[in-house]
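As the structure lists them, so they are numbered: ligands from 1, and atoms in each ligand from 1. The first residue in the sequence is number 1, and the count goes up from there. FYI, side chains are in, hydrogens and waters are out, and symmetry mates aren't considered; it's all heavy atoms of this structure.
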Amino acid sequence: MSDYKLGLEYALLQDKNDELKTYRNQFHIPKNKQGSDWIYMTGNSLGLQPKETKSYVNQELEDWKNLGVEGHFEAKNPWLRYHEFLTESMAKVVGAKPIEVIVMNTLTANLHFMMVSFYKPTKTRYKILIESDAFPSDKYAVESQLRHHGYDDKDGLILWKPRKGEELLNYEDLETILEEQGDEIALIMIGGVNYYTGQFFDLKRITNLGHKHGCNVGFDCAHGAGNVPLNLHDSGADFAVWCTYKYLNSGPGSLGGCFVHERHANRKDLNRFTGWWSHNKQTRFKMRDEFDQMPGAEGWQLSNPPILSMAAIKASLDMFHEVGMEKLIAKSRKLTGYFEFLLKQLGEDTIKIITPSNLKERGCQLSIQVKNADKALHNKLTEAGIISDWREPDVIRCAPVPLYNSFEEVFRLVEKLKKILASP
Ligand SMILES: *Cc1c(COP(=O)(O)O)cnc(C)c1O
């Protein structure tokens, strides 16, 4: 991995030899006022639009226009089963079996629905463990679950924190927490890839640890889906949730994904909230039957889903299916490794990369701490045509996405950063 070279020539050669180079062309790349492409490094926040998305959505608009309610059965992609067209490719993306995966609702809503089933507090075991720098929505969600069940959200929330002066989380510290308080913890809920540091956790290790201490274990994979090899099935996690508008390029506020491990597929004892879409498909429309739970993750659905949003997800998943996660991850590691290599040339006095350097502990994102920087730096980057994400007090998050970002862009980004830092 250390055979990276300096200079634009090298970047251009990597792009030329890139097996996935044609995919960039399949996306709309936003442009600045002068008409040149933005260097878009925020696919971890909102993925870009595939050019095909419009025709997928149009297909459903046309079928609705021409068929009305008959579209549920007669549409080219019948709406009644539309979610099934997504299941297999989504399962591949997250490393799960089809029965374990469903596209439904939105991320935080799914997190709550999963907690209805997998957060089952008792008098002595009621606490929830999360990472200290969890995404705010996750923290608010688990706090509100604690309150909902009548517990104090300060007493009930346990934080897995980095050591003093460090940013990344350490598994030994998690072990210590579990040894000391494991029998009070009902649920461990961790962001599979931490949104701030980019640290990709060992899901299996955390799950095994949690299960050993009798805790249920779930993951928020918003920053993992479409980015890293999640292997959700093998991890053994009880559940996972994610969104599809970040690395999965399905558009703002689009539907989320949800994983429930196969071993829970037929459990009738699990508490859950249900609706007509959790009911057996064969008899759903008889409407008068006793509730008949569908097996697998599908059985957690509530409503008939928004087809237009699912069409955008299908457009994206068809592309992921064609490429395959393996090729995607291979390019991603090379591209982000190159980014890291160039950033390191700026010197440790100038920048510090918070994200782990171990390829197995990160995805495409690098979180870069810039010494003595403030938001002005971010503004200058934006003026220079680089769309990145700023986190107070001094961190820039950049995510070169293997489907549409290039080695040349990474090269130009670092050149521009160098220039900006040299002229304060
Ligand atoms: C993006 C993100 C969310 C957003 O939740 P929504 O319900 O989709 O608005 C939640 N959690 C994490 C970890 C995220 O990265």
Side-chain angles (χ1 to χ4, degrees), residues 41-48 86 90 93-94 102-116 118-119 128-145 157 159-160 162 167-169 187-201 203 206 217-228 230 232 235 237 239-259 273 300-303 305-306 309-310 312-313 316 354-355 361-367 387-391 395-399 401:
M41 288 288 147
T42 46
N44 56 351
S45 186
L46 182 70
L48 291 180
L86 313 177
M90 187 61 101
V93 166
V94 297
I102 183 71
V103 171
M104 62 176 189
N105 312 319
T106 47
L107 194 162
T108 309
N110 283 334
L111 182 54
H112 277 294
F113 290 127
M114 287 294 103
M115 285 196 279
V116 167
F118 296 103
Y119 173 54
I128 304 179
L129 182 146
I130 62 171
E131 81 263 42
S132 63
D133 233 325
F135 195 86
S137 190
D138 298 11
K139 182 159 181 275
Y140 304 151
V142 300
E143 284 172 342
S144 68
Q145 284 281 337
L157 194 67
L159 299 179
W160 177 19
E167 276 88 16
L168 303 177
L169 293 175
L187 174 68
I188 298 176
M189 216 303 288
I190 305 287
V193 175
N194 182 270
Y195 83 102
Y196 178 67
T197 63
Q199 181 176 15
F200 173 27
F201 295 107
L203 307 190
I206 295 174
V217 181
F219 295 100
D220 180 335
C221 296
H223 283 263
N227 177 29
V228 293
L230 288 169
L232 287 179
S235 79
F239 72 86
V241 292
W242 59 94
C243 55
T244 64
Y245 50 79
K246 290 174 179 168
Y247 293 107
L248 293 175
N249 310 321
S250 73
S254 192
L255 292 172
C258 190
F259 163 92
F273 288 168
W300 269 267
Q301 296 173 104
L302 305 170
S303 300
S309 169
M310 284 199 165
I313 297 175
S316 167
I354 297 174
T355 310
E361 291 183 69
R362 72 177 187 208
C364 69
Q365 171 185 326
L366 292 183
S367 304
I387 309 302
S388 64
D389 177 87
W390 178 257
R391 293 282 143 169
V395 171
I396 308 172
R397 299 185 309 156
C398 289
V401 168

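Tyr245 is linked by a ring-ring contact (aromatic ring centres under 6.0 Å, His included) to nothing, counting only residues two or more places apart in sequence or in another chain. Every residue meeting the ring-ring contact (aromatic ring centres under 6.0 Å, His included) condition with Tyr195, not counting sequence neighbours, appears here in chain and number order: Phe135. The side chain to side chain contact (heavy atoms under 4.5 Å, CB included) test applied to Val228 returns Val193, Phe200, Leu230, not counting sequence neighbours.
Note that CG of Leu248 and OG of Ser254 are 9.5 Å apart. Values are rounded to the nearest 0.5 Å. Here the straight-line distance linking atom OG1 of Thr355 with atom CD of Glu167 works out to 9.5 Å at 0.5 Å rounding.
Each of Gln365, Gln199, Glu131 was evaluated against Asn194; a single residue qualifies, Glu131, per the side chain to side chain donor-acceptor pair (under 3.5 Å) test.
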Report each N/O pair between ligand 1 and the protein that falls under 3.5 Å, naming both atoms.
residue: ligand 1; atom: 5 (O); partner: Thr108; partner atom: OG1; Å: 3.3
residue: ligand 1; atom: 7 (O); partner: Thr108; partner atom: N; Å: 2.9
residue: ligand 1; atom: 7 (O); partner: Thr108; partner atom: OG1; Å: 2.6
residue: ligand 1; atom: 8 (O); partner: Tyr245; partner atom: OH; Å: 2.5
residue: ligand 1; atom: 11 (N); partner: Asp138; partner atom: OD1; Å: 2.9
residue: ligand 1; atom: 11 (N); partner: Asp220; partner atom: OD2; Å: 2.9
residue: ligand 1; atom: 15 (O); partner: His223; partner atom: NE2; Å: 3.1
residue: ligand 1; atom: 15 (O); partner: Lys246; partner atom: NZ; Å: 2.4

